[in-house]
Amino acid sequence: MSAPTRPTGTGAYTDGTGTFHPPERRIVRGAEIHGERRVRVDACVIGSGAGGAVAAKELAEGGMRVAILEEGDWHDTDEFTARPREMLRLLYRDAGQVATLGEPPIVLPLGRAVGGTTLVNSGTCFRTPPRVLARWRAELGLEALEEEALEPFFRRVERILNVAQVPSELAGENAHVVRRGAERLGWSGDFLYRNVRGCVGSGVCAFGCPSGAKQHVGITYVPRAWAAGATTYTGARAERIEIEHGRARAVTARTRGGGTLHVACDTVIVACGAIHTPLLLRRQGIRDASGQLGRNLAIHPATGVRAFMDEEVDMWRGVPQSYYVDEFAGEGLMFEGAAGPPDYMAMSMPGTGALHRARMDRARQLSTFGVMVADTSRGAVGTLAGAPRIRYDLDAHDTARFRRGLELLTELYWAAGAREVIVPVRGVPPLRDGDSGPLRRARVRARDLELMAFHPLGTAAMGADPARSVVDPNGCVHGVRGLYVADAAAVPGALGVNPQITIMTLATRLAFHLLGAPAPAGEPAPERLPALA
Amino acid sequence: MRREADVFACLTDAVVAPGGGLPPLAETDAVAFLARYLAASPRRNRAGFRALLLALEVGPLALGFGARLRRLAPAARLAYLQRLERSPAAPLAEMLEALAKLSYYGDEGVMAAVGYDPAAVVERGRRLRREEGRW
């Protein structure tokens with residue numbers, strides 16, 4: 001008998017009913033733990049983002065006693081004000097100031113809350129591209145990561161997140177401008193698939209969804225973990241993983257109340273993200289034969305092209321990231337929407353004084369679209385005076401791809417009818433009247449690019465060979481029993497697409513492995529999903 | 001902090017150049033936001049921002065503009081900032097400018113003038129959550 005299908009069309013996207021609520025919110029605030037508290041569980045999960053929340057839910061539903069340690073707070077949707085300026089302070093690590101050192105410096109915004117970065121991402125969902133899985137199998141010995149073997153895990157994640165396609169009427173005018181350009185050029189593109197339930201196009205996905213529509217893991221996986229008995233400790237920063245005779249035995253966290261939380265367990269799952277996971281592991285003195293712990297950092301560097309149109313675009317209306325152009329995905333170039341309210345737009349709008357104001361006077365006619373590179377550059381995470389230090393230099397190959405991506409996106413905007421295009425390259429003047437000449441003639445160096453990045457990956461990379469990887473094909477740290485990595489750090493390299501589904505799928509697979517359970521059966525097949533060009 | 005706030009006000013005024021339908025800087029909470037933002041920043045970044053603002057203030061003296069930032073005429077301020085944008089200090093200058101732009105355009109009155117109504121977005125979300133039992 002074939003599995004049932006799951007709708008992924010407009011009805012699935014816009015229906016806001018059917019939210020799961022647990023019998024109780026099992027949150028213990030670390031601010032209220034002043035002394036020492038000791039608990040005993042089967043599994044301690046450090047981090048409640050895309051990896052940790054998923055692993056915690058699956059393990060708890062599988063019968064394990066689970067504790068989730070989260071450095072940030074739980075935020076009720078009532079706290080989300082649709083004001084990016086204020087939400088940066090509330091929801092982002094270091095108020096959104098995490099950045100790489102190197103050429104060029106790159107801002108790397110990360111969430112810090114129950115839900116992790118899924119609380120503040122754009123909600124875009126892509127499965128791991130088959131060509132990437134093939135490369136991992138060939139180069140890293142990840143033989144088990146076959147598309148067919150992962151299929152039930154992908155389906156399970158997509159069902160819980162309610163992954164569905166953005167309908168045209170909610171996509172926002174920004175998407176329609178780009179779609180028009182892509183269609184005139186004959187380039188492949190489509191409306192994105194996103195994890196939402198009842199989206200109304202509030203336009204502030206990256207700043208806390210005020211309608212509770214975005215199905216981040218804090219309101220999907222974490223509540224299901226609670227319902228299965230797991231407890232989340234917020235304001236609890238894991239400091240020490242006790243390892244005895246080569247096996248993880250406990251985690252000690254410092255609480256915001258100045259106390260300590262000692263969690264005895266047989267299984268420790270580290271899911272602090274690709275920046276903080278390697279730092280936590282390093283602090284434990286783990287012998288890393290590969291020398292790759294904290295290295296191999298990929299970030300999917302990205303930037304935005306701005307275009308002034310004749311029509312009103314009003315980028316704050318509709319889903320900010322709702323359309324993609326994948327015509328050049330084979331070259332490692334992905335174009336995706338990048339929109340938001342006026343303060344978000346103003347912050348990154350080039351120019352000072354009257355020039356900046358003149359551009360903001362035309363804010364309603366402004367369209368912005370992003371280019372993201374599947375980077376070959378690699379960085380490293382370390383510490384400087386006790387704080388994380390992220391070193392990353394854009395290599396010549398990626399710099400050349402940015403140049404090509406910017407030229408292509410400019411061409412798309414001309415095809416869409418743009419009057420003026422602004423590219424984020426220092427020294428290149430605004431382009432007008434369909435003339436991309438100043439960009440084509442410019443010498444573009446890494447230092448000339450104004451970049452951001454949203455997807456740190458690979459700093460505790462998965463692989464079969466302990467001499468070349470940090471964790472084994474299931475996510476277990478080589479040489480340490482009971483210690484696992486279930487986040488972006490384990491993803492061995494750039495994907496070329498948004499990574500949340502990959503991270504969640506690998507975390508689900510790890511949980512089933514730990515439970516000794518077969519892959520989930522009967523998960524409904526999605527009616528339709530994107531197939532990358 | 002008073003001095004840094006004054007420098008930030010001067011910077012913001014130069015960068016966003018209020019006018020037209022947009023309110024003057026003094027009628028916004030842009031400068032007050034700086035304190036909230038710094039309070040949410042890691043200690044090292046807070047110190048870095050303060051140092052940068054003070055460097056921004058005295059930078060014109062080193063670059064031959066003849067006075068500190070706050071004592072420069074508006075046109076000279078702009079010339080100074082544009083020179084910084086062409087210098088090796090461009091990433092740092094642009095970071096401060098981005099903060100100034102965010103601070104000003106995140107003000108309620110400025111958002112309204114541009115045509116964005118966050119209160120309506122929040123209210124619609126609240127109603128949907130109430131009606132449909134969402135989080």
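Both backbone and side-chain heavy atoms feed into the values below; hydrogens, waters and symmetry mates do not. Chain letters run A, B, ... following the sequence lines, proteins first and then strands; every chain starts at 1.
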Report task. Begin with the C-alpha distance, continue with both residues' side-chain angles, and end with the deciding distance and a verdict on side chain to side chain contact (heavy atoms under 4.5 Å, CB included) for B/F33 and A/R89. Result -> CA-CA 10 Å; B/F33 171 74; A/R89 294 187 298 123; 4.0 Å; yes

Under 4.5 Å from a heavy atom of chain B, the part of [X] involved:
X: A/Y92; result: neither
X: A/A213; result: both
X: A/P105; result: side chain
X: A/D78; result: both
X: A/V107; result: neither

Report task. Walk me through it: do B/V114 and A/W316 pass the test side chain to side chain contact (heavy atoms under 4.5 Å, CB included)? Result -> CA-CA 11 Å; B/V114 176; A/W316 49 87; 4.0 Å; yes

Which answer fits [X], side chain, backbone, both or neither, if we ask what part of it has an atom under 4.5 Å from a heavy atom of chain A?
X: B/A119; result: both
X: B/P74; result: neither
X: B/L99; result: neither
X: B/A30; result: backbone
X: B/Q82; result: side chain
X: B/R124; result: side chain
X: B/E108; result: side chain
X: B/R44; result: side chain

Counting C-beta onward and ignoring hydrogens, is there a side-chain heavy-atom pair between [X] and [Y] closer than 4.5 Å?
X: B/K101; Y: A/M360; result: no
X: B/Y105; Y: A/H356; result: yes
X: A/S348; Y: B/E94; result: no
X: A/R83; Y: B/M111; result: yes

Report task. Before giving the answer on side chain to side chain contact (heavy atoms under 4.5 Å, CB included), spell out for A/L88 and B/L102 the whole-Å C-alpha distance, their side-chain angles and the decisive distance to 0.1 Å. Result -> CA-CA 11 Å; A/L88 267 179; B/L102 176 74; 3.7 Å; yes

Requested in this report: Mind checking the OG1-CG spacing from A/T352 to B/L84? Nearest 0.5 Å is all I need.
Outcome: 10.0 Å

Query raised in the report: Angle class for the A/W74/B/W135 ring planes (parallel below 30°, perpendicular above 60°, tilted otherwise)?
Result: perpendicular

Report task. Test side chain to side chain donor-acceptor pair (under 3.5 Å) on B/E132 and A/T19 and set out the steps. Result -> CA-CA 8 Å; B/E132 297 183 340; A/T19 296; over 6 Å; no

Query raised in the report: Should B/Y37 and A/R85 be marked as a side chain to side chain contact (heavy atoms under 4.5 Å, CB included) after you check the CA-CA gap, both sets of side-chain angles, and the distance that decides it?
Result: CA-CA 9 Å; B/Y37 185 72; A/R85 189 184 73 168; over 6 Å; no

